[in-house]
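Worksheet for the structure shown next.
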Amino acid sequence: MDLVIRNAALADGRHGIDIAIAGERIAAVGPRLAVQGAREIDAAGNLASPPFVDAHFHMDATLSYGLPRVNESGTLLEGIALWGELKPQLAQEALVERAMQYCDWAVARGLLAIRTHVDICDDRLLAVEALLEVKRRVAPWIDLQLVAFPQDGLLRSPSAFDNLKRAIAMGVDVVGGIPHFERTMAQGAESVRLLCEFAAEQGLMVDMHCDETDDPLSRHIETLACETQRLGLQGRVAGSHLTSMHSMDNYYVSKLLPLIAESGVAAIANPLINITLQGRHDTYPKRRGMTRVPELLAAGVPVAFGHDCVMDPWYGLGSGDMLEVAHMGLHVAQMTGQAAMRQCFMAVTETPARILGLQGYGLEPGCNADLVLLDAGGPVEAIRLRAARRLVLRRGQVVSEAPPARATLHLPGRPRNVDFRLTRKE
Ligand code: FE2
């Protein structure tokens, strides 16, 4: 074996597990494997997980914070207006450079697969070209999946559909949309139908920004689920955001949830962004905006958490840390039960891997030797501590290392170090 990781915990609760790696693949997983590694790493009981996966991101806008000015109100609509001001000024080289810097952060965070939307409403398709270039450059260490995203509306922006088709022809992977941003409900529904038909024709996946509003009557997810069934797209479609569900009538949601489940549509919530951008027109009590995550999960709908934004016109914070995303999602959804907290970890690892259709993902023999070794004993502790990524492996090679989070105390009669783990003397 090229590498054996000894005594790891796994996210499914197993402990004392060895992981043997040969070349780019995982060869064996089990307790006390009788194999020898050219290199052996003692995980010391810490969590080994397949890499983090971000199901929803905007890499064309990332790290542009403050360009050409900051978002003074912090609202979604000022963010969209600000992005409109920035778009004509975008230069390909600078965009590539910012995206590459973000990808460095991602690797350091053990985030090795990202689905990013790319705005296709600029007729030059400069961001598409830039992100296709980034995808090519980072391919050895990050799976980057691109979604053709008509930010200004498919029907609202005259050249958007042609641009979207051009972007797909250039190599963009997934069909995007933004039905709630079209001028009328009817045009929103029409955009969903056109985009799903195009995706069915082309054999592509679909991932739409859908109902990213507090308007309880924004019901495009219903059309998306229905079109998915009509066109046989089950398992290939995701609805991103779905924040209007937070504000919908409960009776209507009781009809909607089984429809989404039957249609095989996945849901992608973006907790950091939903909690800050939604509810802005409310006084008190203020709605929290995130979609109904526990109820979707209970209905059998796969739910992933996305980062959405990092230091861009919509959000001035973030650092590519999917544990921070899971931490926020857990709090906003009040998913504090033991099983629910583990589901939040799955929402930034295995669930988005399935939504993206990643091949060879997981810690099983035959899977790609991609993993992250965390400075935590299990998934809940990893979320609590936003644990350091001690080691990040891609195809069997170490691509990032980080020290554990430790503080040295100078207190009489107290321990020398703290590591923020719960230790009890029996
Ligand atoms: Fe988004």
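Only heavy atoms go into these numbers, but all of them, side chains included; no hydrogens, no water, no symmetry mates. In this text, all values refer to a predicted model and were calculated from it rather than measured experimentally. The chain is numbered in sequence order, starting from 1. Read the numbers this way: they start at 1 and go in the same order the structure lists the ligands and their atoms.
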For this session: Not counting sequence neighbours, which residues clear side-chain contact (heavy atoms from CB on, under 4.5 Å) with A266? List them please.
Result: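 Applying side-chain contact (heavy atoms from CB on, under 4.5 Å) to A266 gives A238, P302, I355.
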
Problem set entry | Matching residue for H241 among H180, H246, H209 - test: ring-ring contact (aromatic ring centres under 6.0 Å, His included) |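 Single ring-ring contact (aromatic ring centres under 6.0 Å, His included) partner of H241 among H180, H246, H209: H209.
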
For this session: Name all pairs fulfilling the side-chain hydrogen bond (donor to acceptor under 3.5 Å, both in side chains) condition that reach into residues 316-326, sequence neighbours left out, sorted by first residue then second.
Result: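 Non-adjacent pairs meeting side-chain hydrogen bond (donor to acceptor under 3.5 Å, both in side chains): R109-S319, D321-R389.
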
Exercise. Tell me, which pairs form a salt bridge (Lys or Arg N to Asp or Glu O under 4.0 Å) where one or both residues lie in residues 163-175, sequence neighbours left out?
Worked result: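 Output for this query lists K135-D173.
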
Exercise. Looking at Y284, does the NZ or CZ of K286 lie under 6.0 angstrom from its six-membered ring centre and within 45 degrees of the ring axis?
Worked result: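 Judged by the rule (NZ or CZ under 6.0 Å from the ring centre, within 45° of its axis), K286 counts as positioned above Y284.
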
For this session: Measure from NZ or CZ of R156 to the centre of the six-membered ring of F181 and say whether it is under 6.0 Å with the direction within 45° of the ring axis.
Result: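 Yes; both conditions hold, so R156 lies above the ring face of F181.
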
For this session: Give every protein N, O or S atom lying under 2.8 Å from the Fe ion (ligand 1), naming each by residue and atom.
Result: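 Metal shell, protein only: H56 NE2, H58 NE2, H209 NE2, D308 OD1.
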
